[in-house]
Every structure is written in structure tokens, then in C-alpha cells.
Amino acid sequence: MYRYLERRLVEHLREFLRRAYDLQITTIVVEQPPKIEFGEYALPLAFELARKLRKAPRKIAEEVVAGVGSIPGFEKFEVAGGGYINVRVNRAEVAAELAADRAPVAEVPAGKVLVEHSSINPNKAAHIGHLRNAILGDTFVRLLRLAGREVDVQNYIDNTGAQVADVVVGFLHIEKKSRAEIEALAAAPRFDFVCWDLYARVSHWYEENKANLQVRLATLHAIEEGKNETAAIADLISVAVLRRHLETMERLDIEYDFLPRESEILHLHFWDAAFTKLKESGVLTYENDGKNKGCWVMRRAGTAAAKSLTTEDTGDTEAVRQNTMPFGLDIAEEDQKVIVRSNGTVGYVGKDIAYHMWKFGLLGRDFGYRKFFRYPNDRDCWISTTDGEINHPHFGDVAEIYNVIDARQSEAQNTVIEALRGLGHGEAADRYTHFSYEMVALTPRCAAELGYTLSEEDRARPWIEVSGRKGFGVKADDLLDALIASARNEVDARHPELSEGERASTAAQIAIGALRYFMLKFTKTSVIAFDFKDALSFEGDTGPYAQYAVVRASNIFRKGGFDPESFCRDAASQLSAEDFARYLNGEAGDGIWALWLAAAKTSYIVGQCIATTEPAHLAKHAFQLAQLFSAFYHRYPILSEADEGRKKFLLATAAVVRRELIRVLAAMGIGVPAVM
RNA sequence: GGGCCCGUAGCUCAAGCGGAUAGAGCAUCGGAUUUCUAAUCCGAGGGUUGCAGGUUCGAUUCCUGCCGGGCCUACCA
């Protein structure tokens, strides 16, 4: 609602400025006044125009206010301070529209979106860092879908890399397990936990004797080659761990559509197809001497000559192609990124380039597909394979992609983008977004609690990085278990009357709410220094606080014998514009109007989150709604309200806020229990 | 050495393209309910936005330099 009104306001202003001053202003800045008494929108444009028009800002503001005319949905324009223009909407009209949930249809950009997230190495249990990735990614998917976009969710599986090889080495060479024994372990619950410990032991084993690294190399080669016993064991391990990851994520309501695996990138020769094109276009160059002698290299992203023209600058694809032809020539050694090693094997960036060409439908090859995992809602998650099922959904070939990958990989991501550009696919490169976020680390205190001995230096650090290699970190399932246990204590104490099953599911919902909210409340650029005390908090700026607000709203309707959903719609017809005006207008209405206004901002916030790839705004919005509602709830006893008209209005308020809060929480992947 | 990110209240974090008196939560202190459930609400204290310049009518936000911290910079993934 708020978003729609803003757009209308901007369009009207643009038209007015053109008419009155013959000015073409491309972006008209619209702000939100610091106080509700000032109105709903604030325009600093008089300041900006002061120089252009050689007039005092205040004078311009007065002219605009006098000449702008009327806009449907808006009440009036006022000059404030030295030249601000404050704009007031018609509160009653906005409230009636919002109650009826008549959102104007927004235009949805054409084309499918592909979001890649999670991408956990299938050799050990998922940890809190992976949780941040998956929760950010899944929330972004929900945001896009809420905005009407069609989205495919992919989880890339590196099943042939060194990490899987390490665990294979652990089972075969340290534990001396047979294939049958490994199979038995893999079938047992929480096999990923077994691998977690083993992986740490393998790392230690390499350190003990460098000669042991030869075993790793041989194992890695066998896996990449395929069709042998070692590769078969690697496959059984990676598939079993992958299943565990899907189960862990399912606990958080996170689902995937397709799991492309590195083994198929290799076996279906994606790289060969990409390699040919990369050589032809000059993106890759062969080094005849220097430290990278015998390698195919590419200019690393961000280094001098890589800053080539984009189609955006010139609008001419051919010019860009020409300009980037000498892409790899004379690259300083330190600016070279090895794509193909001198022994002919390709590194992960190369595979990533091929994979991303496939994503945009530029490779000319496709995966085989088979069903791998079925969710309780009967949705299928597909996996790549060499010879798949005949009938399968069409994946890849999308218009836009978002890769949820931590900030440490931004250089690699940019290199892939530059490769696409160098291949002449500037439009694809422009629609490639590295959804970058910072890591989750542990506070020194948390690390100590987990039993790690810290050096003097470590204790002084703001955080300690988790390390799967060292087995150092908090496992996702362990954290979830701890959250559920903690929530369960509270639920048991508050609701002994509920059945075992009800208490369990309530505790689980609260735990998920706490966890997902916790991972979303920080902005992406902030390193999360994880601490159990903060993560296990259910009070204040937390998921359970927002869930609780919804539960309280629901309770009003339950006790009052109304249905909140239908009440919302009926309110619009039962309450007249005069009724809304009576309760919302003037200073007396400011308090409750603030609540309606906040509720009207959901689609606006969703748009912001997508445009800035920053879901943290959504958490903020949920918290603000919950906070405003909690204060409202305390201040206005609704069911005991004597004035029937007023009671109806207060109920409508609760119903609308409840509806929006449920919507916002759903976008965050947070459900609301029946009681708390 | 080069690239990217961060520095805001005791602690953890916000601040929409440069806007009005820099906001929350936690912690501390003081209050509120025989209720539509206190996982709540109200109030108080707490700030040289790392430092120094610059641009601007206006800077936490943009630019430059410095200080402090993190990450990346492998023929690992």
C-alpha cells in the first residue's frame, strides 16, 4: 500500500516539475518523516532545486505545495522547516484499502530466477555458518516468490573434491573400514556427525606425517576418474551426508528443487564445452613460462585490465567483445588465476564458469536428472546424474541468478562474472549477483565453553573463526536441539495442559523462529560472533517476541469468538470511511495510525530487501510491527471496550497487524504456534 | 604489496539515494497486571558515530590520509 502510494506520488511530482519548471528529474528522493505527526512522506527536493532555480528552498517548497494539486489518496502537502515538503495521506482511505487487502498488482519482471544456496561440502555435518547461508538464501527465495517471481532453488554439491576425499581416506586408511561397514554406518542416524569427527582426525593425520598427503592425492584422483571402488565409496559417503543435510534443512523448512553435482560437471564434459569457448574468446591464455608455466590462466577479477567496458556503458556487445579480446594477454604473474593446471586438470573456478554458463543456458549441454528426495508436501528434489529420467522439469536457462556465497569467495565469484563478460555475455554478467555475506564465527567465550583451549592472542580477538577441518564449531543439528530443549522447558512450564505432541511442535516452532530470526537480524556485512546466550534468547529483538505478538492477537479473536481473517475483510465493509477517520485522524489517532502505517509497509519492505539483497530489513520490520502491536495490546483492552464502533475498529487494527505480521514471518520462514 | 569489508551507548547491533533531536535489544536502576497470557508494557541513565582534513545549505552515510581489526590474494575447494 505504502509502496504503491509512493510510486503515485513520485509520478505526479515528476509530471508537475516538468509542467511548472520544465525540469526532468530522474530520481525524486522520497523520505519518511522522523515523526508520525509530520506526515507519511517527506520531500527534500526543494533543497536540490534551490541552486537550479536560483531561489530559496522555502520559496520553492511553497510554490510546489501551492501548485501540485490533488492526488488520489493524499490529503495535503505542507512546508516544514527550511524547505521540507511533508506529505499526508488520507488515513481513512488507506486503512480501508489495507483492511480489505486490496493490493494493487505490481509488475513482475519477466523470466525465471535461480537462487543457489547452502552448497555444503558433503563430507561432514552442517554447522552454524551453513545455517546462515541457507537461512539467508531460503528467505531470499521466499521474498522473490512473494514478489511474484518464479524461482528455482539449487544447492551445488561438490562431491568430488578434496574434502570428500579426506573422509574417504579416514574410513579406508585410518579406520580401515570395509565398504560394507561404511554402508552400515551411513545408514545409521547422524552419519554426518561421524564424518565430522573423522574429518578432523584426518586433518590431524596429515599434519603428523606429510607423506600421508600422498594418500589424499591418490584418493582424489581415483574419485575424479570414477568407475572404481574408491569412487563408489566416495559416492556412497557424499550421498549419505547430503541426505543428512537435506534432513537438517528440512527441520528449518528449507527445500531445494535441484542438486547439481560436480561429478556430472566432470562426467558430462561441461568443462570441455566451456574450455573451447574460453580459448576461442581469448579469456584463457596459455603460459609459456614463469611460475604458471604450462597452465591456462585468466586475469583475476579486480586487477587493472579486467575493468573492461560493459554492455551497459556502450550498449554495443561487439565493441565489448573487441575490447576484451586481448583479455589474457600479458597478465602480470600476480594477477593470474590458474584455471587449468599444468597437469591438465581443471580447478574449481573453471568448473564454476562452466556451471554458470549452463545456468544462463549458454553452454549447449544439460545435466541428466533423477528424483532424489521427496518432501512431506510431495515436492520432489531432483539431483544431477549422467543418464537420467526422461521426464523432468526444465532447470537452468534462467534470466537472473543469485549466488548465496560468503564474502571470502567474492574474488572467485567476480572472476566467473568476468569470464562471462569476456565470452561476450555481458547481459548475463549483469544479471549475475553474488549475494555476499560475512561468516559466522564464535566469541572467544563460546569457543572456551565448547572446550577449546585458547591462546592469549585468541582470547583478545573479537571472534574465532569456525573450522570444519579442525572439527571446531557448532553443528546445526546440535544448535537446533539445544534451542528446542530450551523452548520446551518454557512451553512445559507455561502449558502443562497441552499434549506431548502439541508441546513438542510448539517448542520446535519457537526454536525455528528464534534461529531463523537470529540469522536474519544482522546485516550481511556484519560478522556474527556466535554465542549461545544470544542465540538462545527468546526475549526482546527475537523471533519468539514476534511470534508472541501474533499469538496474543489471535487470542483476542479466539476469546471474542471471531475469525480474524474474515473479520479483516468484513471490517472494510462494516466500518465506514467516517469511522476510520474518527479513530485515525488528528493527534488522538497518531498512536494507532502508526500501527496501520507500519502494517501498510510490508510490500515496500519486501521490495527494499530484494533490491538491496538484504533480508535484515525484513527482520527489522517484523520487530517493529510486533513492538507497536505489543504496546497497542497493552494500552487498549479490546474485548472489554464498551463502545461497539470503537471495539470494531480496534479489532480491525489487531486483525490487520496480525495478518501482516504472519505474512512477514512467513517470508522469513517462521511459522506461528497456536499458543505460547 | 594489492583487493574487499568493518570500526556507532558498558555489550550486541540499526540508521532506506547525503536530510529534521543518531535509534533498538541486552545489561543496570525504578515502575506496571487479581488481564484479550508478564516470552509483555512504561520510565531513567548511558554517544566527540576510531582520528584528521575535504565536498555540501546539511555527513554515521560521499572523497583523501592516518589508526585499529577481519577476510581474500595456492597449479585447495
Side-chain angles (χ1 to χ4, degrees), chain A residues 27 29-35 38 42 44 47 50-51 56-57 80-84 86 121 158 160-164 220 262 291-297 300-304 334-335 337-343 345 347-349 351-352 406-412 414 436 438-439 441 443 461-463 465 487 490-491 494-495 510 514 521-523 525-529 531 533-534 537-542 544-545 547-549 551-560 604-605 608 611-612 614 616-617 620 623-624 627 630-631 633-641 654 675-676:
Chain A
T27 51
V29 177
V30 180
E31 288 167 8
Q32 296 178 28
K35 285 182 179 170
F38 295 168
F47 296 107
R51 178 163 296 169
Y84 266 101
N86 289 334
N121 273 307
D158 178 8
T160 56
Q163 295 214 22
V164 170
L220 190 54
E262 190 168 271
K291 85 173 164 107
N292 294 328
K293 182 177 177 184
C295 298
W296 286 88
V297 305
R300 174 173 295 152
T303 59
E334 66 271 21
D335 292 343
K337 174 76 196 163
V338 171
I339 304 298
V340 181
R341 303 180 191 109
S342 55
N343 66 4
T345 58
Y348 87 105
V349 176
K351 290 172 215 163
D352 226 21
D406 78 70
R408 284 171 293 197
Q409 295 204 46
S410 58
E411 188 181 284
N414 288 333
S436 170
E438 274 294 346
M439 63 182 170
T443 61
R461 288 177 191 276
W463 60 73
E465 204 173 335
E490 293 291 327
V491 175
R494 287 158 201 253
H495 299 287
I510 292 168
K521 71 191 256 190
F522 301 94
T523 52
T525 50
S526 167
V527 174
I528 297 180
D531 198 299
K533 183 172 88 50
D534 302 329
S537 167
F538 297 155
E539 289 168 16
D541 188 9
T542 67
Y545 175 89
Q547 290 173 316
Y548 187 59
V551 168
R552 289 176 126 187
S554 302
N555 282 346
I556 298 172
F557 290 94
R558 191 167 41 77
K559 288 237 172 158
Y604 175 82
I605 302 288
Q608 288 285 318
T612 57
E614 180 51 273
H617 301 311
K620 194 95 201 153
F623 181 59
Q624 273 169 359
Q627 211 174 23
S630 294
Y633 176 92
H634 188 262
R635 186 154 169 205
Y636 303 97
I638 300 178
L639 295 179
S640 56
E641 173 61 51
V675 294
M676 274 181 81

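Per chain, numbering begins at 1; letters A, B, ... match sequence-line order.
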For this session: Kindly indicate whether the side chain of Gln32(A) and the base of G16(B) share any N or O donor-acceptor pair separated by less than 3.5 Å?
Result: yes

For this session: Indicate, with a heavy-atom threshold strictly under 4.0 Å, whether Val527(A) touches base, sugar-phosphate, or nothing.
Result: sugar-phosphate

Exercise. So what does Gly347(A) touch, heavy atoms closer than 4.0 Å: a base, only the sugar-phosphate, or nothing?
Worked result: sugar-phosphate

For this session: For Lys337(A), answer base if it contacts any base atom (sugar-phosphate contacts may also be present), sugar-phosphate if it contacts only those atoms, and nothing otherwise; contact means non-hydrogen atoms under 4.0 Å.
Result: nothing

For this session: May I ask you to say what Lys351(A) touches in the nucleic acid, namely base, sugar-phosphate or nothing, with a heavy-atom cut-off under 4.0 Å?
Result: nothing

Exercise. Contact class for Asn555(A) (heavy atom, under 4.0 Å): base, sugar-phosphate, or nothing?
Worked result: base

For this session: Would you indicate what Gln624(A) reaches in the nucleic acid, counting non-hydrogen atoms under 4.0 angstrom: base, sugar-phosphate, or nothing?
Result: nothing

Exercise. What nucleic acid atoms does Gln627(A) come within less than 4.0 Å of, heavy atoms only: base, sugar-phosphate, or nothing?
Worked result: sugar-phosphate

For this session: For A59(B) and G54(B), measure between their C1' atoms and round to the nearest Å.
Result: 11 Å

Exercise. Which part of the nucleic acid, if any, lies within contact of Ser342(A), taking any heavy atom under 4.0 Å across all strands shown: a base, the sugar-phosphate backbone alone, or nothing?
Worked result: base

For this session: Could you tell me whether Val164(A) contacts a base, only the sugar-phosphate backbone, or nothing, with contacts defined as non-hydrogen atoms closer than 4.0 Å?
Result: nothing

Exercise. Counting only distance, no hydrogens or angles, is the base of U21(B) paired donor-acceptor with the side chain of Lys35(A) under 3.5 Å?
Worked result: yes

Exercise. Which part of the nucleic acid, if any, lies within contact of Tyr636(A), taking any heavy atom under 4.0 Å across all strands shown: a base, the sugar-phosphate backbone alone, or nothing?
Worked result: base

For this session: Would you indicate what Asn414(A) reaches in the nucleic acid, counting non-hydrogen atoms under 4.0 angstrom: base, sugar-phosphate, or nothing?
Result: nothing

Exercise. When all nucleic acid strands are considered with a 4.0 Å heavy-atom cut-off, which category describes Ala631(A): base, sugar-phosphate, or nothing?
Worked result: sugar-phosphate

Exercise. Under the 3.5 Å rule, do the base of A39(B) and the side chain of Tyr548(A) count as making a donor-acceptor pair?
Worked result: no

